[in-house]
Amino acid sequence: MHARSADINLSPSSLAVLTEGVALIAPNGAITSANPALCGLLDMPVERIVGANVLDPPWHLETRANEPISAAEGPVAHVLSGAGSLVDETVLLRSGRRATWVRMRVGPIEPDNTESGVIFALGDLTSVVDAEQNLHRLMFTDALTALASRDQIIRRVAELLIDCQTTACRVGVLHVDIDGFRAINDSFGPSIGDAVLVEVAERLRDLTDRRVEVGRVGVDEFLLVVRGDDPALAFDTRMRRLAEEVQRRIAVPYATNSLELHLTASVGAARGPDDADAAVELLAAADRALQTSRRRGRNQFRFHDVTVDIRNRQHLHLDRDLRLATARHELDVYYQPIIDLRSGELAGAEALLRWHHNERGPVSPAEFIPAAEATGAIGAISDFVLNTVATDMTEWDRDGIFPTKRRISVNISAAEFNRRDFLERLASVLDNARLDPERIELEITESLLVDDLRMAADRLRQLDRQGVHVSLDDFGTGYSSLSYLHQLPLHTLKIDRRFVGDFSDDRSGTITRTIVALAHNLGVVAVAEGLEHERQRRFLDSCGCDLAQGFLFAPPLPKSAFESFLRSSGTTALTGTA
């Protein structure tokens, strides 16, 4: 546009071939010529354009921020006044009912001289701007619910936290998770699941009228963000009430495709800058609070607790040491004999992991097993125990000191049992040791059945087909229901030691008798844990309890001591069938 008019043919015929909309403008702002492309962009005949004045045009321009551009102070006036030699920007052109994004360029016909007029050119950018806006929507809006995306929520939380550095405000984040949502997709299909998520979004959307920002950040997870100048206690109360309202809204039954679905939601909350002063860390704190609430059951609410972070850091330190423990030979498998109460013979043994830390000394399984589950090291621990047990049993079979019809039981955590590759890894261990699967019994807890009964039942049936026995550990302390217990291929019920400890308590005695009778009615073996006194053995014998273990017979023994126990038990005690 800086070329002289003598160098450019500005005749109407030349302008007509241009794809950009072009107009020639006199120094007084009057349009002296316009090409067909400009007529198309403005949706006006050339007669209405030529003669019009760009300082009072029959169209309107707006910035990207939707702010009107004054014609008297706009780009053309800017160039005509000599204040600028060239303007090049993207604007929204409104003409009649049409709105078109255009690239507007304005410059003098003669360089640095507006006395000969200016050229006004518009290029259609609608498709380009639409693509940019679609990309923005994809980045910052959830496609299914049209709520804010995770990236947008993070940006907004970051902005609010920066604002709070100067205004001493607070930023609250609620992380909402729909309890058991996966079961809806698994049972009714993703289309029903999507319909429920859209309905949840609609129920939460009008919270934005209260200056609550709502986003979807996972399949069934939502984030709510609030800002407040309240004192800490009042702000926490406000967040708790908001969480309760969210839970009430989600709990209203959902009617879709002739179904009525009932849902609950778990919620975790964090406050900035108290819990974190950066957006990602604040969202992570809310997520940790959510995990804590979920561990306490459904429809729970918890604030972020710094003591949980301290425990997590302790878990990480334990995890680091635990991963090195095998190489340092700090892990050992001990064996506690299980005795047949009727014959007094050895019926088997339970394998128990022991860790003697080279600095801390003995570390309780109650401490390191939860840490291993939390950090994922539980798989390596299970592999170590199973491989050790399989190797030891193979040696004892070779030496003839452990009866071939007896089993070793191994505790398996819910986290390990639920891993997809668990069955394959177990089969591999048994194959490598050439050990009959019936020689191994896995001990699981009742909570594992409650978490996902369908999956647990399928896995138990697979184990049963492979010949692996399964024992339900600590029976009576969890949530077992007779409605499903009789359907599962279990082989043993282990009576928790708290019911065995003091039979002077009539309730404990009654519970023990009931569990033994239940086991026999189900056709499975009853095993009592924690025997320490002869009177306990006599009571269990009177109840008809099959097997028992405890210090009355032997404590958990390291391999060498257990081998001595096996040899000292005598040949007679080691014969018979399981």
Side-chain angles (χ1 to χ4, degrees), residues 325-326 328-357 361-366 368-369 381-412 426 429-430 432-443 468-469 471 473 491-492 494 497 500 525 527-534 536-537 546-578:
T326 303
R328 295 173 177 172
H329 304 289
E330 296 175 359
L331 294 179
D332 287 303
V333 175
Y334 281 43
Y335 297 93
Q336 185 171 37
I338 299 175
I339 304 300
D340 187 318
L341 289 176
R342 289 183 292 272
S343 67
E345 298 176 354
L346 181 75
E350 179 180 0
L352 298 163
L353 183 65
R354 294 294 182 261
W355 180 14
H356 190 89
H357 195 283
V363 183
S364 169
F368 70 78
I369 292 299
I381 290 177
S382 294
D383 287 346
F384 171 79
V385 174
L386 289 168
N387 276 292
T388 301
V389 169
T391 300
D392 289 348
M393 292 185 74
T394 300
E395 291 180 9
W396 297 333
D397 286 347
R398 181 194 63 207
D399 298 339
I401 63 173
F402 192 80
T404 57
K405 296 296 184 180
R406 301 297 186 255
R407 301 182 188 89
I408 298 291
S409 61
V410 179
N411 291 279
I412 299 296
L426 174 62
V429 168
L430 298 176
N432 291 338
R434 296 183 180 180
L435 188 67
D436 186 343
E438 292 195 358
R439 305 288 303 286
I440 291 291
E441 182 167 79
L442 303 181
E443 293 192 11
V468 178
H469 284 223
S471 168
D473 197 13
H491 302 84
T492 305
K494 297 196 76 172
R497 64 181 62 248
V500 177
V525 175
V527 181
E529 297 179 295
L531 257 70
E532 297 182 359
H533 306 290
E534 177 62 24
Q536 295 171 328
R537 188 198 65 77
D546 304 294
L547 312 175
Q549 64 188 93
F551 279 71
L552 178 64
F553 305 117
L557 303 168
K559 179 185 177 184
S560 59
F562 182 65
E563 289 173 346
S564 297
F565 178 89
L566 292 176
R567 292 187 175 95
S568 66
S569 297
T571 306
T572 303
L574 300 179
T575 59
T577 58

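Keep in mind that this is a model prediction, so the values were computed, not measured.
- Contact of the V389 side chain with the I440 side chain is registered, since non-hydrogen atoms from C-beta on lie closer than 4.5 Å.
- One distance of note links OG1 of T394 with CG of L435; it measures 5.5 Å at 0.5 Å rounding.
- Residue R434 places its CZ atom among 12 or fewer non-hydrogen atoms of other residues, nucleotides or ligands, all under 6.0 Å distant.
- The closest donor-acceptor contact from the side chain of R407 to the backbone of E438 lies under 3.5 Å.
- Side-chain N or O atoms of Q536 include one that pairs as donor or acceptor with a backbone N or O of H533 at under 3.5 Å.
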Go through it in stages, so that I can follow the logic: the residues are L531 and R537, the test is side chain to side chain contact (heavy atoms under 4.5 Å, CB included), and I'd like the CA-CA distance, side-chain angles, deciding distance and then a yes or no.
CA-CA 7 Å; L531 257 70; R537 188 198 65 77; 4.0 Å; yes

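- With a 4.5 Å cut-off on side-chain heavy atoms, E395 and I401 do not count as touching.
- Residues R497 and G530 come closest through the heavy atom pair NH1-CA, 3.2 Å.
- At least one donor-acceptor pair closer than 3.5 Å links the side chain of R439 to the backbone N or O of R406.
- Of all the heavy atoms in F562 and A349, the pair that sits closest is CZ-CB, 3.7 Å.
- Between V333 and L352 the shortest side-chain heavy-atom distance does not fall below 4.5 Å.
- Here CG of L442 is found 6.0 Å from CG of L426. Values are rounded to the nearest 0.5 Å.
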Show your reasoning for whether side-chain hydrogen bond (donor to acceptor under 3.5 Å, both in side chains) applies to S409 and E350.
CA-CA 5 Å; S409 61; E350 179 180 0; 4.9 Å; no

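- To the nearest 0.5 angstrom, D399 atom CG is 10.5 Å from L566 atom CG.
- Applying the ring pair (Phe, Tyr, Trp, His ring centres under 6.0 Å) test between Y335 and each of W396, F565, F402 identifies W396 as the sole match.
- The shortest side-chain heavy-atom distance between E345 and I339 does not fall under the 4.5 Å cut-off.
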Does the pair L353 and F384 meet the rule for a side chain to side chain contact (heavy atoms under 4.5 Å, CB included), with working shown?
CA-CA 9 Å; L353 183 65; F384 171 79; 3.8 Å; yes

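- Checking Q549 against E529 by side-chain atom types alone, no donor-acceptor pair falls below 3.5 Å.
- With salt bridges taken as basic N to acidic carboxylate O contacts below 4.0 Å, none links D332 and K559.
- Atoms CG and CZ, on D546 and R342 in that order, are 4.5 Å from each other to the nearest 0.5 Å.
- Side-chain contact between E441 and T492: present, with at least one pair of heavy atoms (C-beta onward) separated by less than 4.5 Å.
- Remark: N411 CG to E443 CD distance equals 4.5 Å, nearest 0.5 Å.
- Between L557 and Q336, every side-chain heavy-atom pair lies at or beyond the 4.5 Å cut-off.
- A parallel orientation is assigned to the rings of H491 and H469, their planes being inclined by less than 30° (bins at 30° and 60°).
- Here the CG atom belonging to L430 is positioned 9.5 Å from the CG atom belonging to N387, to the nearest 0.5 angstrom.
- In this structure, the side chains of F553 and P337 stay at 4.5 Å or more apart for every pair of heavy atoms.
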